[in-house]
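Accompanying notes for the structure given below.
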Number of protein chains: 2
Amino acid sequence: MHLFWEHGYEATSLAMLREAMGLTPPQIYNAFTDKETLFRKALKRYHETEIGFALEALSAPVSTREAIRRLLLGAAEAYSRPGKPGGCLFVSGALAASPQAQAIADELRTYRKASEAAIADRLARGRVVGDLPADLSVDGFAKYLAGVMNGMSIQARDGASVEELRVLAQTTLAALPAEGQNQAASKE
Amino acid sequence: MHLFWEHGYEATSLAMLREAMGLTPPQIYNAFTDKETLFRKALKRYHETEIGFALEALSAPVSTREAIRRLLLGAAEAYSRPGKPGGCLFVSGALAASPQAQAIADELRTYRKASEAAIADRLARGRVVGDLPADLSVDGFAKYLAGVMNGMSIQARDGASVEELRVLAQTTLAALPAEGQNQAASKE
DNA sequence: AATTATCCATAGCGATCGATACGAAACCTA
DNA sequence: TAGGTTTCGTATCGATCGCTATGGATAATT
């Protein structure tokens, strides 16, 4: 998982994976069928072990603003964990791919879209409760938040520290008008 | 350039480049030395022809807020041009790379850092003129803006339309407090 | 203890990678 | 027109890719 996270799907060779796991070729194929299946298992593991902060943040019984705060600060921490590759596997795994690996790239895009949809769901619930300005576009703001998180992933990969990412998260929050207050400067 | 933009450095094979340019192997090596040199020439061309909006926005004689607005809206348009690969070559070219291509990945990271530094310079100039809130961190906000642009690049690659990216740009701007006004909600 | 069955590491499969050697065609010079 | 040179496309280089067949060591059974 760490190798795919660091180098991406295609740039990670089976030789690297073999060495890291101490397995011979037949062992690796008996255990994981093929490279694509192995990558999908790594994706599943990543989803289960590394980004729980997102589901927790979006499902916690707190205000929408607080939920988003937890989401962004959780990303700041998760994307810059010491001893782990920087950023998010869903972004680094295969942003660009050869035609042969399009299926993998599409699958990762699906993961990213699902994250964005989960954010949009949380925002929609917040709107129902009156937790968000009425004139705020749920889909638009979800795309903003998902986009910022993707950007944080790249910043983390470029060496940003957890403190720098936290500042980025705080700045991002400033784009969300405080409760009750109207959204200013939407048309300039 | 389009091939590298679409598939990234490593996933673009010389066979694809040959076919696209209609060149035989010796021709391509006579003209471009090797794949790495060819990629660097594509980078240069990209920088000259596709992202002029950034330099224009940051050097235009307008307020800092207007400069940032132009920068973000320019990115929204440049990252979703019809007939071009989505996103930014500096991001897609080699986010993750094999150990052999680390030099390329590092070079692209340098480009991204330079963009961020250019933004920070513009913000610093704005601060001198009193164009920005005094308590705003120039480096922090530059990292936010650069991060959002990187995120827009990924959203564009995931199929976001120019309108959606424009909304994202407008939302990003909302994090910049209006002139003279203090920055709210920086510590929660 | 002899034989059969099972497992597993090595060696190598075909394909493709980036890059190049070589023979044929074309062109300029004499 | 003949000679010499240069250009250029094909065929192929060694290395590496993901993946698998085979032979030898081990274990189980009669």
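To find a chain, count down the sequence lines: A is the first, B the second, and so on, and within it residues start at 1. The structure displayed is predicted, hence computed values, not measured ones.
Closest approach to the T24(A) side chain among dT10(C), dG18(C), dC19(D) is made by dT10(C) (side chain taken as heavy atoms from C-beta onward). Minimum atom distance to the side chain of P25(A) is reached by dT10(C), of the listed dG18(C), dT10(C), dA11(D). Considering only side-chain atoms of P26(B), the nucleotide from dC17(D), dG18(C), dA21(C) that sits closest is dA21(C). When distances run from any side-chain atom of S13(B) to the nucleotides dG18(C), dG18(D), dG9(D), the shortest one goes to dG18(C).
Summarising the geometry, the separation between CG on L14(A) and P on dC17(C) is reported as 17 Å, rounded to the nearest angstrom. K35(B) has its NZ atom 8 Å from the C1' atom of dC17(C), to the nearest Å. Residue M16(A) contributes atom CE, which lies 14 Å from atom C1' of dG18(D) at whole-angstrom precision. Rounded to an integer number of Å, the gap from E10(B) CD to dT16(D) P is 14 Å. Rounded to whole angstrom, the span from the CG atom of N30(B) across to the P atom of dA19(C) amounts to 13 Å. Put simply, CZ on F32(A) is 16 Å from C1' on dC19(D), counting in whole angstrom units. Between Y29(A) atom OH and dC17(D) atom P the separation is 11 Å, expressed in whole Å. Rounded to whole angstrom, the span from the CG atom of L17(B) across to the C1' atom of dC17(C) amounts to 13 Å.
Looking at heavy-atom distances under 4.0 Å, T33(B) makes no contact with the nucleic acid at all. When heavy atoms are screened at a 4.0 angstrom cut-off, T12(B) is found touching the sugar-phosphate backbone but no base atom. Here D34(B) lies in heavy-atom contact (under 4.0 Å) with sugar-phosphate atoms only.
Defined by atom type and a distance below 3.5 Å, a donor-acceptor pair is present between the side-chain atoms of T37(A) and D34(A). Residues Q27(A) and T24(A) bring a donor and an acceptor atom of their side chains to less than 3.5 Å of each other.
Dashed line: the shortest gap from a side-chain N or O of Q27(A) to OP1 or OP2 of dC8(C) is not under 4.0 Å.
The structure places CG of L38(A) at 7.5 Å from CG of L14(A), a figure rounded to the nearest 0.5 Å.
K84(B) and E50(B) are joined by a salt bridge, as a carboxylate oxygen and a charged side-chain nitrogen come within less than 4.0 angstrom of each other. Salt-bridge check for D158(B) with R112(A): passed, with a basic side-chain N closer than 4.0 Å to an acidic carboxylate O.
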